[in-house]
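Small disclaimer: the values here were computed from a predicted structure and weren't measured. Residues: numbered from 1 along the sequence shown. Each ligand, and each atom within it, is numbered from 1 in the order the structure gives.
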Amino acid sequence: MIRTNLTKTLKLTASAALIMGAANAATADSNVEVMHWWTSGGEAKALDVLKADLESKGISWSDMPIAGGGGDNANTVLRARVTAGNPPTAAQMLGYAILDWANVDGALGNLNAAAAKENWDAVVPKALQKFAKHDGNWISAPVNIHSTNWMWFNKSALDAVGGKAPTTWEEFVAVLDGMKANGITPLAHGGQAWQEATIFDAVALSLGDDFYTSAFIDLDPAALGGAKMLEAFNRMAKLRSYVDDNFSGRDWNLASAMVIEGKAGVQLMGDWAKGEFLNAGQVPGKDFVCVRFPGTQGAVTFNADQFAMFNVSDDKKASQLAMASSVLSPEFQSAFNVVKGSVPARTDVSDAAFDDCGKKGIADLAEANSAGRLYGSMAHGHAAPDAIKGALYDVVTAHFNGEYSSEEAVQELVAAIDAAK
Ligand code: GAL
């Protein structure tokens, strides 16, 4: 339903922008205006790698940062910009949101020239192409692959409870209890819907690949309303008992800082969290420990940041294509992702420059992909369209904040997803 509205609202505006674009084709504009939500310390550092790369190629950068992890705020601002007939050159975007824009006639540009020249079809994983291409045309440039089923431990805090990273739910609960007894906040958490949903990805995956797939990808009402979903909500309620009193509204990077500073034991977050640890000068294995959420080693819930390219005026198209080429170059993919915490969006990039967590991320991704255990992240827009994601956010966050019992949350989830379909 939301997609249809978006399509109707934007169709005319986008066509108008197209006509204006053709009329303005006179002189080339070497500037790109880029909308994104990379505003934390680690994210900003990664973005600097991109800005410097483009500047070295004579392309200047107009920054359009919209704070808000997960990108919900950015999406809202983007709609307003496009509706006003003034799209940015490129916008950071996730999964199904890209396809929503692709369904708006004339909204997105075409990157086929860059893709053909550099053979993106052969090197970009199919799981990403699903969102980067529409009707056979490349519409966006994948920057990275993140995944959500990670845990980030403070090494000293983990050592103080025996030093072994938990691999089962029961072991995890014992570790969290031990941290509580040691007087620190066990779980560093920011109370925002997308952060709760990020944890929910991992909790659901830990209850089985079949469960994750049938609930989040197939949206099967039996799985959404079944015993495993009840268990997932019960586990979320248990995790809620390990957060501090001030968790509401906290940004994710401030939760990372609690772990970095040893005020908290662990954060359950995608691997963009690693960017914060690195930015604070911390070293994997020495200061922090990265492991998969208990019971999920071997499977990966992924989200890939992409720069969706808008249908800009003709004078801007050359720099747009040059930006897309830069983003997909093997050198940039290595340099950027080393800093960002993610792994390359192409299969042919060496892991040599990556730290131990990055090497693990690359190996885990390859293993999950070849085992058929690579799944789109529900929390980050790669499992189901955004209307479904939003419905899930509402229920998961209401439950986390005590508005629903686990039993009620299961019922609400079935109803909310049914209504959003
Ligand atoms: C994700 C995005 C990451 C990171 C994170 C927190 O959705 O894929 O790159 O930015 O949000 O802002």
*Look at ligand 1 and say whether Gly70 reaches it with a heavy atom at a distance under 4.0 Å.*
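Judged by the 4.0 Å heavy-atom criterion, Gly70 does count as contacting ligand 1.
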Proximal atoms of ligand 1 relative to [X] (non-hydrogen, under 4.0 Å):
{"X": "Leu94", "answer": "7 (O), 8 (O)"}
{"X": "His146", "answer": "3 (C), 8 (O), 9 (O)"}
{"X": "Glu43", "answer": "4 (C), 5 (C), 6 (C), 10 (O), 12 (O)"}
{"X": "Lys340", "answer": "3 (C), 4 (C), 9 (O), 10 (O)"}

_Between the side chains of Arg373 and Asp209, is the shortest nitrogen-to-carboxylate-oxygen separation below 4.0 Å, so that they form an ion pair?_
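Judged by the 4.0 Å cut-off on N to carboxylate O distance, Asp209 and Arg373 do form a salt bridge.
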Examine [X] against ligand 1 and note whether any of their N/O atoms are separated by less than 3.5 Å.
{"X": "Asn144", "value": "no"}
{"X": "His380", "value": "yes"}
{"X": "Gly69", "value": "no"}
{"X": "Trp272", "value": "no"}

*Is the centre of the Trp252 ring less than 6.0 Å from the centre of the His189 ring?*
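Not close enough - the centres of the two rings lie 6.0 Å or further apart.
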*Any donor-acceptor pair under 3.5 Å linking the side chain of Lys389 with the backbone of Tyr96?*
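Side chain of Lys389 to backbone of Tyr96: no pair is present.
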*Is there a donor-acceptor pair under 3.5 Å between the side chain of Asp53 and the backbone N or O of Val49?*
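Pair absent, no side-chain N/O of Asp53 close to backbone of Val49.
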*Can you pull out the closest protein heavy atom to atom 2 (C) of ligand 1? Residue, atom name and distance to 0.1 Å, please.*
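The protein heavy atom lying closest is Asp305 OD1, 3.3 Å.
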_Side chains of Lys274 and Gln282 only: does a donor on one sit below 3.5 Å from an acceptor on the other?_
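The answer is no; no qualifying pair exists.
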*Can you measure from CG (Asp29) to NZ (Lys316) and round to the nearest 0.5 angstrom?*
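Output value for this atom pair is 5.5 Å.
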Contacts table for residues 300-308: side-chain donor-acceptor under 3.5 angstrom, sequence neighbours left out:
| unit_1 | atom_1 | unit_2 | atom_2 | d |
| --- | --- | --- | --- | --- |
| Thr301 | OG1 | Thr148 | OG1 | 2.7 |
| Thr301 | OG1 | Asn149 | OD1 | 3.4 |
| Asp305 | OD1 | Gln92 | NE2 | 3.0 |
| Asp305 | OD2 | Asn144 | ND2 | 2.9 |
| Gln306 | OE1 | Ser140 | OG | 2.4 |

